[in-house]
Amino acid sequence: MAQICGIVILITLMVLYLIQKKLYLRSERTFFGMLLLMLVTHCLDIFSLWAIENASTLPDWFVITACKVYLISLVMCITGTVIYICGDIFRKQKDYYKKAISFIIPSAIGIIFVAALPLYIYQDSIVAYTYGSSAIATYVTAFFYICTILPLICIYRKQINRDRRFATFVWMALWAIAALIQFFVPSLLLVSFAGSIGMMILYITLEDPGMNINKQTGLFNQNAFMEYIRQSFDTNTSVALIQISIDGYSKEMYKEFSWENAENLLGTGGRALVFRRSEDELVLVFDYAGEALEWEKSFDEKISHSDNSDYIRLRYAFRTVIADSLQLSSSDELIHFLKYSANIQYADSKKGKHTRVIADSETLLSMRRERDVEQLIEDAIESDRVEVYYQPIFSTDKQKFTSAEALIRLRDGDGNIVSPGVFIPVAERNGKILDLGRIVLENVCRFIKEENPAGYGIEYIEVNLSVAQCARESLAADCIDIIDKYSIASERINFEITESASLNSKDIFMKNLERLMDYGISFSLDDFGTGQSNLNYIVDMPVDIVKFDRDMINAFFANRKARYVMEAAIQMIRGLGLKIVAEGIETESQYLKMKEMGINYIQGYFFSKPLSEKEFKIFISENNCKVF
Ligand code: C2E
Ligand code: MG
Ligand code: MG
C-alpha cells in the first residue's frame, strides 16, 4: 500500500514537473533523474513483493534476484541524493564530476556486497520480507550515506542553498527513521515510501519549476535568472545578455507596459530566454553574441518608427548589453555591472542623454575601479580611517582667520591620503556618503567641543552637505542629534550646500533647511560659478554666504568677460546682504585683488592648504595670536 502511495506521489510530481516551463538547469535535470530512479525503485519494490508472494510457483533464483535488484536500486537512490547535494557544494569546482563520481565508489562496493551476499526470504500468511547479510549490506550502505550527507551539509552549509539544506535534512531524517523501523520491524516496508515523501518536500520547497516563473507574465523571474547565470559561470559557459529597463526616462512607465505580451513584443522567436528581473527590467539571454546583436538590430528597426505605445516605451527604455558574460569574473560581478550600468543610465538621463551601455573593456575597467573605491570607502569606515582636514578661511574685514572648511580625507590601507575627488562621486552614487557625512559632522562637533576654536577666533566651521544627504527627510533631525550630542552651540556650524542638492527633492530640502535655520545653523552656497549655479537661485536660497568656486576665480583672472560677470555677481550678492568667500586663492596678487573688490573671506593655498586637526590647531594658534 505504501509503495502504491509512493508511486502516485512520484507520478504526480513528474507530471507537474513536465508540464511546466523550465530552464533545464543542472539541479533540475538531476532532480528529474532522481524522480525517475525513485519511481523505478518503487516499481521494483512492488515487483519483489509480488515475487516473494509467489515464491512457491517461481524459481528461487528469480525471487532472490528480484529482491536484490530492488535493494540495489534503493542504494542507487541514496547515492543519487548525495550527487544531487554535491551539485550545490562543488558547483564552482571544475572537477565537479570527478568529485561526484568519487561519492559513487562506496555505493558500488555496497552494491557488490548486496549482490554477492546471501539473502533470505521470510513469508507467512500475513507478512513477507527479506533478511540476511545482503539486506544488512543495504542498510549499512544507506546509513553510510546518510551519515556522510549530514556532516557534508554542516561543513558546506554556506555553499548549499538554505531551502535545499532544510529539505535534505528532513528527507534524510525521514529515510533514517523509516530504515530504522524497517530494520527492527521488517514487516513495515516504509523505506521507499519515505523516499517519495522526501522528493515531495524537495519539490515543494525547491524544485517546483513554478517558483522560477513570474506569475503575471509567465516569464522567468529573478530567482531563475540568478540560478541560470550562476550555472553558466559554474560551467564556464558564455552567454550574451541584453537588459531592458522599461522605465527609461520616465518613472512608473513600466506600469503601463503590456507585460503579459512582453515575449511577443520582443519577438525573440525562441532564440532567447526572457527573464523579468524586477518590476521594470527584462533580460534576454542568448547563447551567442552574434544572435543577440542580430536580434537587437532587427528589434531596433521594428520599434524605431512604430507608433505602438509599447514599442515607444521600449524605444525609450534603457539598454545594457553584455556580449560575452565571461568578460565578467563571476555572477556577482555581472549583477554588479547591471547595477553600475543602471547608475550610468540614470545619471545620463538627468542630463538628457539616452545611453546604451555596453560591457566593453573601458566600461568594465571603470566599474572595477569604482568597485575598488567602494571597497576603500568601506574599509576606511570600518577601520576608522576617515579623517577631517581643516582649511582656514581669512576674513578681509577682521584681518584674521575667522572660520575654516572641514574637508574629508580617507586613508588607504598603506596610510596614504585619498582625496575627495576620487571617492565622493562614488560615495554619492552608492549612498555611503551618508555615513561619511555623519562621520565628518561628528568629528567637527567633537573638535569644537574639545578644542573650543571659537576661543581663538574661529567663529564657525563650514561642513559640506552632499546631494544625497540633502535629499533625506531625516537630514535636519540627524544633524541636530549629532550637534546636541556634543552640546555645542548651533552657530558654530555652517553647512555648505550646492544648487544641485536642491534639484532633486526640493520640498524635502527646503523643509530641512528651515528646520536647521530655526535651530540656529547658517548656510553657505558652495560651487558658485561652476555652471550649476545661477543668480536667481541665490534669491530663493536662505544662505548667508556665497562661495565663489576656484574655476570662477581663475576665469576672473584669465578673461575679461568673466571679470564683468563676477563684478555683476558681487554687486548683486552684496545687494542681497550676503557675504562672499573667494575659494582657490593661491597668490598674493590674487588675494589683494579680491580684497580690493570687497570680497569678505579668502580661502586658498595662499594662506593654507587643508590641514590635519593637529596642524590646524598650530596654524591658528600661530596666526590668530593665541595659543590653543
Ligand atoms: P569644495 O567644497 O568646493 O572644497 C574646496 C576644494 O578646493 C577643496 O578640495 C580644497 O582643498 C580645494 N582648494 C582650496 N583652496 C585651493 C587652492 O588654492 N588651490 C587649489 N588647487 N585647490 C584649493 P578637496 O578637499 O579636494 O575637496 C573637493 C571637494 O570634495 C569639495 O569641494 C567638496 O565638494 C567635496 N568634499 C570635501 N569634503 C567633503 C565632505 O566632508 N562632505 C562632502 N559631501 N563633500 C566633501
Ligand atoms: Mg565646500
Ligand atoms: Mg567650493
Side-chain angles (χ1 to χ4, degrees), residues 373 377 380-381 385-394 401 403-411 417-447 460-472 475 478-479 482 493-502 509 522-533 543 545-557 580-591 593-594 599 601-613 615-616 619:
V373 175
I377 300 172
I381 294 177
R385 293 200 305 261
V386 182
E387 291 177 27
V388 178
Y389 273 45
Y390 295 88
Q391 188 174 31
I393 299 176
F394 188 77
F401 296 94
S403 62
E405 177 171 4
L407 293 158
I408 189 168
R409 298 289 182 265
L410 296 189
R411 272 186 205 278
I417 290 275
V418 187
S419 84
V422 175
F423 62 84
I424 292 277
V426 177
E428 280 270 1
R429 278 198 286 275
N430 76 356
K432 283 284 171 214
I433 192 73
L434 300 173
D435 293 330
L436 295 177
R438 186 183 40 74
I439 296 174
V440 170
L441 185 59
E442 288 247 4
N443 259 291
V444 170
C445 292
R446 181 199 42 77
F447 174 62
Y460 55 88
I461 306 275
E462 293 178 9
V463 178
N464 289 282
L465 285 184
S466 69
V467 176
Q469 281 173 290
C470 291
R472 300 259 306 175
L475 168 76
D478 294 347
C479 293
I482 297 176
I493 302 283
N494 171 289
F495 281 128
E496 290 191 12
I497 52 169
T498 56
E499 185 178 346
S500 39
S502 70
F509 178 66
S522 61
F523 290 91
S524 299
L525 182 69
D526 203 359
D527 293 352
F528 186 82
T530 56
Q532 284 288 350
S533 52
V543 292
I545 299 172
V546 177
K547 299 191 77 171
F548 284 1
D549 191 75
R550 195 166 79 92
D551 287 351
M552 189 178 181
I553 302 290
N554 286 342
F556 173 86
F557 289 107
I580 301 173
V581 178
E583 276 189 330
I585 301 300
E586 294 188 344
T587 63
E588 187 173 15
S589 60
Q590 286 182 336
Y591 159 64
K593 184 71 195 165
M594 289 298 119
I599 298 281
Y601 303 102
I602 306 292
Q603 178 182 355
Y605 291 180
F606 171 61
F607 285 114
S608 170
K609 288 195 170 182
L611 302 168
S612 68
E613 196 176 303
E615 292 165 336
F616 177 67
F619 181 90

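First listed ligand is number 1; within each ligand, the first listed atom is number 1. Predicted model only: the values in this text are computed from it and were never measured. Computed from heavy atoms alone, side chains included, the values below leave out hydrogens, waters and symmetry copies.
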- Would you indicate which of Val388, Leu436, Asn464 comes nearest to atom 33 (C) of ligand 1 when only heavy atoms are counted? Asn464
- Task: May I ask you to check whether Ser524 brings an N, O or S atom to under 2.8 Å from the Mg ion (ligand 2)?
- Result: no
- Atoms of ligand 1 under 4.0 Å from any heavy atom of Ser466, numbered from 1 in the order shown, are 44 (N)
- Task: Give the single entry among Cys470, Ala501, Pro420, Gly584 that approaches atom 26 (O) of ligand 1 most closely by any heavy atom.
- Result: Pro420
- Query: With a cut-off of 4.0 Å, which atoms of ligand 1 are near a heavy atom of Pro610?
  - Reply: 11 (O)
- Numbering the atoms of ligand 1 from 1, which are under 4.0 Å from a heavy atom of Gln391? 10 (C), 14 (C), 15 (N)
- Message: When you measure from atom 5 (C) of ligand 1 to the protein, is at least one non-hydrogen atom found at a distance under 4.0 Å?
- Response: yes
- Which of these passes side-chain hydrogen bond (donor to acceptor under 3.5 Å, both in side chains) with Gln391: Gln603, Glu583, Glu462, Glu405? Gln603
- Task: Have a look at Phe423, Tyr605, Phe528 and point out the one with the heavy atom closest to atom 23 (C) of ligand 1.
- Result: Tyr605
- Note on the structure: the Mg ion (ligand 2) has as its nearest N, O or S atom from Glu405 the atom OE2
- Parallel, tilted or perpendicular: which describes the rings of Phe606 and Tyr591, with under 30° parallel and over 60° perpendicular? parallel
- Query: Under 4.0 Å from atom 44 (N) of ligand 1, is there any protein heavy atom?
  - Reply: yes
- Side chain proximity check, Arg409 to Val418, heavy atoms < 4.5 angstrom: no
- Query: Regarding Thr530 and Asp549, is there a side-chain donor-to-acceptor distance under 3.5 Å anywhere?
  - Reply: no
- Val388 vs Ile408 side-chain heavy atoms within contact, under 4.5 Å: no
- Residue Ile424 vicinity, atoms of ligand 1 by number, heavy atom under 4.0 Å: 43 (C), 45 (N), 46 (C)
- Under-4.0 Å protein heavy-atom contact, atom 2 (O) of ligand 1: yes
- Name of the residue among Asp526, Thr498, Leu525 meeting side-chain contact (heavy atoms from CB on, under 4.5 Å) with Lys547: Asp526
- In sequence, state the C-alpha distance, the side-chain angles, and the governing distance for Gln469 and Leu434, and then conclude on side chain to side chain contact (heavy atoms under 4.5 Å, CB included). CA-CA 6 Å; Gln469 281 173 290; Leu434 300 173; 3.8 Å; yes
- Note on the structure: protein heavy-atom neighbour closest to atom 37 (C) of ligand 1 works out as Leu407 CD2, 3.6 Å
- Task: Using a strict 4.0 Å cut-off to heavy atoms of Asp527, name the atoms of ligand 1 that fall inside it.
- Result: 3 (O)
- Number the atoms of ligand 1 from 1 as they appear, then name those within less than 4.0 Å of a heavy atom of Glu496, with their elements. 2 (O)
- Message: Please name the atom of Glu496, limited to N, O or S, that comes nearest to the Mg ion (ligand 2).
- Response: OE1
- Query: Checking salt bridge (charged side-chain N to carboxylate O under 4.0 Å, His left out) for the pair Arg446/Glu613: CA distance, chi angles, key distance, verdict?
  - Reply: CA-CA 11 Å; Arg446 181 199 42 77; Glu613 196 176 303; 2.9 Å; yes
- Atoms in ligand 1 flagged as close to Glu586, the criterion being non-hydrogen separation under 4.0 Å: 17 (C), 18 (O), 19 (N), 20 (C), 21 (N)
- For the atoms OE1 of Glu583 and OD1 of Asp526, give the angle they form at the Mg ion (ligand 3), rounded to 10 degrees. 120°
- Message: Yes or no: does Glu405 have any heavy atom under 4.0 Å from an atom of ligand 1?
- Response: yes
- Message: Taking backbone and side chain together, does Glu462 place any N/O/S atom at a distance below 2.8 Å from the Mg ion (ligand 2)?
- Response: no
- Item | ligand 1 contact on Lys609 by region, counting heavy-atom pairs under 4.0 Å | neither
- Message: Within the 4.0 Å heavy-atom shell around Val440, which atoms of ligand 1 are there?
- Response: 41 (O)
- Note on the structure: In this structure, atom 38 (N) of ligand 1 is nearest to the protein heavy atom Ile408 N, 3.1 Å
- Task: Starting from atom 32 (O) of ligand 1, find the nearest protein heavy-atom neighbour and note its residue, name and distance.
- Result: Asp526 OD2, 4.7 Å
- Task: Could you give me the CA-CA distance, side-chain angles and deciding distance for Leu441 and Ile493, then say whether side chain to side chain contact (heavy atoms under 4.5 Å, CB included) is met?
- Result: CA-CA 9 Å; Leu441 185 59; Ile493 302 283; 4.2 Å; yes
- Could you tell me whether Gln603 and ligand 1 have an N or O pair separated by under 3.5 Å? no
- Message: My question is simple, although I want it checked carefully: is atom 16 (C) of ligand 1 less than 4.0 angstrom from any protein heavy atom?
- Response: yes
- Check: Phe619 ring centre within less than 6.0 Å of Phe401 ring centre: yes
